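These notes concern the structure reproduced below.
So you know, we letter chains A, B, ... as the sequences are listed, proteins then strands, and number each from 1. Because the structure is a prediction, the values reported are computed rather than measured.
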4 protein chains.
Amino acid sequence: MWAACKVKVHDFLATTSITLRRCLRLGATMAKSKFEYVRDFEADDTCLAHCWVVVRLDGRNFHRFAEKHNFAKPNDSRALHLMTKCAQTVMEELEDIVIAYGQSDEYSFVFKRKTNWFKRRASKFMTHVASQFASSYVFYWRNYFEDQPLLYPPGFDGRVVVYPSNQTLKDYLSWRQADCHINNLYNTVFWALIQQSGLTPVEAQGRLQVDEVMTKEIKLPTEMEGKKMSVTRTRTKPVPFHCDIIGDAFWKEHPEILDEDS
Amino acid sequence: MWAACKVKVHDFLATTSITLRRCLRLGATMAKSKFEYVRDFEADDTCLAHCWVVVRLDGRNFHRFAEKHNFAKPNDSRALHLMTKCAQTVMEELEDIVIAYGQSDEYSFVFKRKTNWFKRRASKFMTHVASQFASSYVFYWRNYFEDQPLLYPPGFDGRVVVYPSNQTLKDYLSWRQADCHINNLYNTVFWALIQQSGLTPVEAQGRLQVDEVMTKEIKLPTEMEGKKMSVTRTRTKPVPFHCDIIGDAFWKEHPEILDEDS
Amino acid sequence: MWAACKVKVHDFLATTSITLRRCLRLGATMAKSKFEYVRDFEADDTCLAHCWVVVRLDGRNFHRFAEKHNFAKPNDSRALHLMTKCAQTVMEELEDIVIAYGQSDEYSFVFKRKTNWFKRRASKFMTHVASQFASSYVFYWRNYFEDQPLLYPPGFDGRVVVYPSNQTLKDYLSWRQADCHINNLYNTVFWALIQQSGLTPVEAQGRLQVDEVMTKEIKLPTEMEGKKMSVTRTRTKPVPFHCDIIGDAFWKEHPEILDEDS
Amino acid sequence: MWAACKVKVHDFLATTSITLRRCLRLGATMAKSKFEYVRDFEADDTCLAHCWVVVRLDGRNFHRFAEKHNFAKPNDSRALHLMTKCAQTVMEELEDIVIAYGQSDEYSFVFKRKTNWFKRRASKFMTHVASQFASSYVFYWRNYFEDQPLLYPPGFDGRVVVYPSNQTLKDYLSWRQADCHINNLYNTVFWALIQQSGLTPVEAQGRLQVDEVMTKEIKLPTEMEGKKMSVTRTRTKPVPFHCDIIGDAFWKEHPEILDEDS
């Protein structure tokens, strides 16, 4: 019946009788219900209850992206501020994110332990974050890169990780921050060797391997720490932070982040 | 050791000795390895081997988005073409997508059965698609909406569904297309009643419930079919299609899509 | 090659040359490696790290099983002691179970938070428990049911549930014990009405619904509490307990059970 | 309220008023509902629709078990027949198993593609099979080992693997059978060297590595093939088979096994 009706869809409204229209509606509905069994193939991906849900994003091929868009080395402050702006937008648009932490081309978002946003479905968490972040990146690009046009739309990959306790969550964030420190130390010296000492990239790499940099030659921008990491958190409005989150001090100053009743 | 070293990071490069730098590097590395156990909390989300992997995206709050951006009713051809442009970009940027099908504010992407892209991890599939689609939406907006500025960056949610056979995959696509037909029939008449017959939305809704539309009054744009759905597929370069995929004809014309060796 | 070789397997050892044997070995090995791709279909089912892992077993069709084996009503102490013996055996044979709790035809086993037994694979936990419990049930049957032969081998179903905190684990056990209380109150009165007051099962059920039992007529066996529930725990050797685990007292007396370092 | 009531449970039936009993019932019910949130921690483990579901069991520490129970080497026909009896029992007791295949101390059970037994929950499949097999093993032991008492109750581990097509299912079974051939060739020669040629186990192992067995010395029991493998299938009643399932012949003779509508 569906097949018979379908060919007439094209011009049905000007010519059709009520009977034909009913047939059409019925045909489409019948066809749809015949196929609806395919819904059963969708798997349940609920995150374990009472656990912190973390979504981490990473820029796709951002090494190439940074080159094409002339990012300053080792850290482009425009790019870092744009990342933070996107994280803020994600936190404003989506529900129940209590803290976000980022560096370079990655950002982690922590949903509160007892969130029931979209019934805690992992796919909802990660795709909402990834798509909102990516669209914001393009949308706000010109606010940070006035003289550098965006050449193509960037991609990000994401994942969900679930942490069962405050300690494991804090250790996750410390892991990301320690990783940031290491990368930053390396990159800062690597680019200083190139920019200030005139080495080629290959030479700089070799120098770092033998671990004998003549550090006196190198001047480090004093704002390195500030650019290196950024933490944003919510309470009415997300605000960027630039501080250490590995020690206990941060968590003692902001007990509301881990507060189970928040 | 890490804590002791950390405070010095700020100005270490101008003043530091090699010894201190080694200490720093070691401290960060030790701190990082202490926290790296948190990696074990990441779950494996590999898609079952030899199955079709489908990612479906849906616009987030697109009812509101369409209102704010003055989309034409029932179908805004600029919006539909922008969606298809984004789908094409996704297919060009990501690997192993063999067909995409979309309507309104949703789009489905089918990865080939034996793809091993990112080891078939579901999170990789869905976040890459969602973020690339979202960034492309903003990036290409002005190409389709010349007189209508984009007011805010839109979000999309996504999910992965796995289909074990050609039949179940075809039925999935037929389900989406049948759903499109039903929505379209309804919306087309609904808006015709408002725009051509002068009914209010409430009146139009009532009229559709009693199913007695005076269809002679209504003129349907002849391009409805074309706007209503779009199929794109790849072979070197993705190309948009506008055709029926419920019947067998489409699949017989394009055997390469389901070809296991493709 | 494999097919050619295979027909000769039957009598190969008395007659075969080394060459043929090598061919055989090679054929089988080649055949095996050709099929080994099927291993990739096995899904990872690792339990989230740092969480309590609970396996709960339920007797399959134990209503019928109890009837066929003339279990005393409402509680058959032989059956309860056999269940506890099986739980003890499970705790002795398998690693890292810190407490078990059972009632009627169900038993829950709690693996310690940081167990790495079989890499925390859920399927290993539940099938080892289910099979060891079931084989023990038959093996020890005659020790508890001297005059009642076992008529057929019983089945049990099992599941794994993961709890991220001490509180949720305690609440799980309290849930099972509260469930036990409710069932027991009901069953005790139900069978007292039948056995002591001479009602039929249908009449007893009706009486319980209107909630007006003449309780003076009924004598409750004083050992009801003791039979009703049983808790076993390990430290060198599992020992049965019969006590309340809903309140805090039990956990204060046995801090080692929840001790993370145990 | 619950705590107050609970202490009185012990002797409530002889002395209690209706009011007290109501309080008790209510208290237990309230307590239970307070804890019932723990149900939300149970994960969904539905097997993908339209796929073959395979449960594979392996004996736990069967090397030791065989030693302790004086199994004949390389194959103990009593043990093999007992395994097959257990597989038959599993197929009779549980629903929708279409074929089982076993060797040595392992057995695989295949549930039909479209089974909806226990809503296709993986945990139900594997624990029912594991527990029924294990209890049957003890129950039927004496029928096969008349002179050898069972010394302790054995355990089995199990897993679920899902196969999306007939070809992958057949390849799974072929993989198990090829594995069986290889093990059997090795074991047969290994034990013949010990039993017929008087080598020690270490010598036999060395001989097999250099691959120069004097096979003329060795007599192979003609029933080796029959003992080596066993296939059972259902249609009214499961029947043991002893045949090759790697080639196509078996599947052509028994089309009903893979028949989707079976």
message = Could you check whether any side-chain heavy atom of Val162(B) comes within less than 4.5 Å of a side-chain heavy atom of Phe41(A), counting everything from C-beta outward?
response = no

So Thr168(A) and Tyr37(B), do their side chains get closer than 4.5 Å, heavy atoms only? yes

Are any of the side-chain heavy atoms of Phe156(A) and Gln132(B) separated by less than 4.5 Å? no

So, the part of Arg176(A) with a heavy atom under 4.5 Å from chain B: the answer is neither

One option among Ser135(A), Ser123(A), Gly158(A) has the most heavy-atom pairs under 4.5 Å with chain B, and it is Ser135(A)

Going by heavy atoms in the side chains, are Glu93(B) and Tyr152(A) under 4.5 Å from each other?
-> no

- Task: Answer yes or no: is there a side-chain heavy-atom contact under 4.5 Å between Pro153(A) and Ser136(B)?
- Result: yes

When the 4.5 angstrom heavy-atom criterion is applied to Phe133(A) and chain B, the contacting part is neither

Cut-off 4.5 Å, heavy atoms of chain B, and the answer for Tyr172(A) is both

Scored by heavy-atom pairs under 4.5 Å with chain B, the best of Pro154(A), Gly155(A), Pro164(A) is Pro154(A)

Value for CD (Glu42(B)) from CZ (Arg56(A)), rounded to nearest 0.5 Å, stands at 6.0 Å

Quiz item: Any sub-3.5 Å donor-acceptor pair from Thr127(B)'s side-chain atoms to Asp157(A)'s backbone N or O?
Solution: no

task: Evaluate the criterion side chain to side chain contact (heavy atoms under 4.5 Å, CB included) for residue pair Arg60(A) and Leu94(B); output intermediate values, then yes/no.
output: CA-CA 11 Å; Arg60(A) 184 171 185 235; Leu94(B) 310 188; 3.3 Å; yes

When rounded to the nearest 0.5 Å, the distance separating CH2 of Trp175(A) from NZ of Lys34(B) is 15.5 Å

So, the part of Tyr137(B) with a heavy atom under 4.5 Å from chain A: the answer is neither

Tightest non-hydrogen contact, residues Ala134(B) and Ala134(A), listed as CB-CB, 4.4 Å

Bottom line for Leu151(A): the part with an atom under 4.5 Å from chain B's heavy atoms is backbone

